[in-house]
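Notes to accompany the following structure.
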There are 2 protein chains.
Amino acid sequence: MKLKISPKELEERQTTLLKKVAERDMDGFISFSTLSVFYLTGFHFIPTERPACLVIPTEGPSFLFVPHLEIEHAETADVLDDIVTYPEYPGKSHPMEVLAEELRERGLGEAHLMAESPAYGSAMGYAGPRITELLPDLELTLEPKIIEKMRFIKSPAEIELIRESARWGNLAHTLLQEYCASGRTENEVSMRASSEATMVMMKTLGPEFRPQGRTGAAAGFRGQIGVNSALPHAVNINAVMKPGDNLVTGAGSGVGGYGSELERTMFLGEPSRDQRKYFEYMMEMMQVAFDTIRPGIPCSEVDRAVQEVYHKYDIMDTWRHHTGHALGLLGHEAPFFDIGDETMIEEGMVFSVEPGIYVPGLGGFRHSDTIVVTSDGMDFITYYPMEIEDLIIDA
Amino acid sequence: MKLKISPKELEERQTTLLKKVAERDMDGFISFSTLSVFYLTGFHFIPTERPACLVIPTEGPSFLFVPHLEIEHAETADVLDDIVTYPEYPGKSHPMEVLAEELRERGLGEAHLMAESPAYGSAMGYAGPRITELLPDLELTLEPKIIEKMRFIKSPAEIELIRESARWGNLAHTLLQEYCASGRTENEVSMRASSEATMVMMKTLGPEFRPQGRTGAAAGFRGQIGVNSALPHAVNINAVMKPGDNLVTGAGSGVGGYGSELERTMFLGEPSRDQRKYFEYMMEMMQVAFDTIRPGIPCSEVDRAVQEVYHKYDIMDTWRHHTGHALGLLGHEAPFFDIGDETMIEEGMVFSVEPGIYVPGLGGFRHSDTIVVTSDGMDFITYYPMEIEDLIIDA
């Protein structure tokens, strides 16, 4: 059972990155992004006010720069040459001064490094200089999207983890649907389904399983119950379910840092004619997207095809957002199924497909499925029933 | 029952901010921070790839700039003059172009604005120009800490919300301790305690309660069970409890966006002589911190006093982090009880006090209490038993 990316694949990612760095005649790579550190080394940690960074020179050992409190934790990482720690932030000496000294000692004080950002960023009270203020002869060339773009195409191992995530999202959603009933609150249904699914997930996957910065299995509504479901990004209001309600759900889980997205529009009791109508429009949009997705066309084409359905039924007033987004390590990633995104679709990209219809006073209509682009089209990663008759709950 | 900051207080925050802006002869304020938008307007939303910002001119109406999908949601905000939306990101026109046009139309195209950052930032696939690239006559003066510093001193209403949060963290922790037992996993104990406490919390607080971007009540271990508790920032490993284990916990809840922090070191079965010894050292450090905290001294003095206890017992090798951090809207905020932080302590600041001792092969020893600085010392916000005899669980 594979529950995380192998050290070999992590090393390949570093090799790919270093090739891009060498092609540009630079001496290495530096990243202050927690996410990129995880992507390149498999080391997940809790980011705080304390800065961290990863330095991978084209020649010589790489090193992870972390606060002293992470030292034993960092030693468990799979693919790291060295670990360098500083005592604490703010600390007697600023951590960036410790980093500057370390770079100097390693002969990188006057190097030319590729970087995603010039400094560590955190809302948790961090403040500090750019590293180039302390090392005026160090040259940083900013490539903010260098790792993000490497993450566009998912490897077979990444797709396997996303599929594993979808399995437990499916269980959580199944329990969620089972526990929905008139008079119940979104939180009781959601917490019961989520914790039961997580327990089973952990027992099934065994002690090697790590969510790696994500939760276990979870399913819920985020406030999208009844008329409030007309807010595409509603927030938890501990809504009470009542007959006639649209229930717009979301479910997923985290496996080795990867997630999936499953959303369904369900009905508590027999849907009205209007509810059926918008549900069918939404299903037509889903189908149009599924039929359009293939490698070699721009992402925009999928969104444009879906928008035609809104126009066909003259319901652009119910449109609120694009058709979908890539996902993997993050819940939303570029590229987007959006009329403004000309990125070419490629085999191995993983996207959500989730056109939505939002009717104020009635409710929201949105499924979301996670799909992977294949050589000639797409394949489903999520597999929950999507037809209306499967999604009506006895009121 | 007050469950959120009043519109009046939100308006006062805006007034305070605008006074600072006017003192610097600027024409207004612009923020791309989701957190600052919430602090100034009470509007909480889910940040994604889609940029958002708040503009508050010194004269004329303020406006929130959000994606179309947030329109009905933003209309529920308490303190906002106008809402301006753009269709979508990436979209046909980049949202920053829509914003530039809006600023121009409002006569702010050549204004001088105070800003926390020059652009929206998100790891979720956002990319875009700085607003000044589109409006070359717009002048931004960066004050990255302007709102963060306003958040240093908590108002009576903020302290009340933090106290309310601590109440439900206390319940979750009480249940957590009750459910710990040999053979149980951290997740089953944590999920049971957290979901039961959240249900009671929601039923007690009633339908007006909103966690506002936080969860309900939660308590858990984050992997700090047995020898793994020696990692100060361990992550969930679904550890199994066994007799002799240190259990290092964390608990809290979110009320109106505000949180608290409660952590305890518990023992499954009678602690060994070594476990008792380090526990008592840690308790001495807590007491030293409580005795030191008062307005008018720098934050560093608290950490320095605590470090003397490590030196007294010659256990600096077990030191991993500073004594504490401020908290409120975020789990960690500046300033810090850290030898490097010379910020003066002031009445109304809220901090965690959490000196830690980490002994590889044995375990971690750390309580965390949330306290508020009073006119002549400090007052506890968390109130969970802290003596060792209260924290021993029958094995």
Side-chain angles (χ1 to χ4, degrees), chain A residues 33 35 44-46 48-49 67-70 72-73 88-92 94 121 123-125 127 144-145 148 185 187-188 191-192 194-195 198-199 202 207 209-213 216 230-238 320-322 325-326 330-336 338-341 360, chain B residues 33 35 44-46 48-49 67-70 72-73 88-94 121 123-125 127 144-145 148 185 187-188 191-192 195 198-199 202 207 209-213 216 230-238 320-322 325-326 330-336 338-341 360:
Chain A
S33 152
L35 188 73
H44 162 67
F45 62 100
I46 301 168
T48 64
E49 68 273 16
H68 186 54
L69 72 78
E70 291 289 3
E72 290 91 355
H73 189 201
E88 180 58 301
Y89 170 85
K92 251 187 245 177
H94 192 284
M124 287 184 150
K145 301 290 178 187
E148 185 178 318
T185 64
N187 285 292
E188 67 181 300
M191 289 193 300
R192 185 177 169 197
S194 302
S195 57
T198 299
M199 283 311 301
M202 292 193 168
F209 165 66
R210 298 282 182 282
Q212 298 277 38
L231 302 185
H233 275 191
V235 293
N236 189 324
I237 53 168
N238 202 18
R320 293 289 180 280
H321 57 73
H322 47 223
H325 51 76
L330 291 179
H332 289 210
E333 298 180 349
F336 302 96
D338 183 293
I339 49 168
D341 196 330
Chain B
S33 152
L35 188 71
H44 163 67
F45 62 100
I46 300 168
T48 63
E49 68 272 17
H68 186 54
L69 71 78
E70 292 288 2
E72 290 91 354
H73 189 201
E88 180 58 300
Y89 170 84
K92 251 187 246 178
S93 309
H94 194 284
M124 287 183 151
K145 302 291 178 184
E148 186 179 319
T185 63
N187 285 293
E188 68 181 300
M191 290 193 299
R192 184 175 169 201
S195 57
T198 299
M199 283 311 301
M202 292 192 167
F209 165 67
R210 298 283 182 281
Q212 298 276 38
L231 302 185
H233 275 191
V235 294
N236 190 325
I237 54 168
N238 203 16
R320 292 291 179 279
H321 57 72
H322 46 222
H325 50 77
L330 291 179
H332 289 210
E333 299 181 348
F336 302 97
D338 182 294
I339 50 168
D341 196 330

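These figures come from a predicted structure and were not determined experimentally. A, B, ... follow the sequence lines: proteins, then strands. Residue 1 opens every chain.
Per-residue heavy-atom pair counts under 4.5 Å with chain B were compared for I237(A), T48(A), L330(A), and the maximum is reached by I237(A). With chain A as partner, the option from A127(B), G216(B), G340(B) having the largest number of non-hydrogen pairs under 4.5 angstrom is G340(B). Of the listed residues (A230(A), P335(A), P360(A), A334(A)), the greatest number of heavy-atom pairs within a distance under 4.5 Å of chain B belongs to A334(A). When the candidates I339(A), I46(A), L35(A) are compared by the number of heavy-atom contacts under 4.5 Å with chain B, I46(A) comes out ahead. Ranked by heavy-atom pairs shorter than 4.5 Å toward chain B, the options H94(A), K145(A), K92(A) are led by K145(A). Looking only at heavy-atom pairs under 4.5 Å with chain A, the residue among M191(B), E188(B), R320(B) that has the most is R320(B). Interface remark: of the candidates M124(A), H325(A), M202(A), M199(A), M124(A) forms the most heavy-atom pairs closer than 4.5 Å to chain B.
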- Message: With side chain to side chain contact (heavy atoms under 4.5 Å, CB included) as the criterion, how do H321(A) and D338(A) come out once you've worked through the C-alpha distance, each side chain's angles and the decisive distance to 0.1 Å?
- Response: CA-CA 9 Å; H321(A) 57 73; D338(A) 183 293; over 6 Å; no
- Message: side chain to side chain donor-acceptor pair (under 3.5 Å), that's the test. Do H332(B) and E49(A) meet it? Break it down for me.
- Response: CA-CA 7 Å; H332(B) 289 210; E49(A) 68 273 16; 2.6 Å; yes
- Could you go through the ring pair (Phe, Tyr, Trp, His ring centres under 6.0 Å) check for F336(A) and H322(A) one step at a time? CA-CA 8 Å; F336(A) 302 96; H322(A) 47 223; 5.3 Å; yes
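Atom OH of Y89(B) sits about 14.5 Å away from atom CG of L69(B), to the nearest 0.5 Å. Rounding to the nearest 0.5 angstrom, the gap separating the CG atom in N236(A) from the CG atom in N187(A) is 4.0 Å. Rounded to the nearest 0.5 Å, atoms CD (E70(B)) and NE2 (H233(A)) are 7.0 Å apart.
For A326(A), no part lies near chain B; criterion is any non-hydrogen pair under 4.5 Å. Proximity to chain B is limited to the backbone of E333(A), based on heavy atoms less than 4.5 angstrom apart. If you measure heavy-atom distances from A234(B) to chain A, the contacts under 4.5 Å come from the backbone alone. S33(A) does not touch chain B: none of its heavy atoms, backbone or side chain, sits under 4.5 Å away. Heavy atoms of S93(B) lying under 4.5 Å from chain A are absent altogether.
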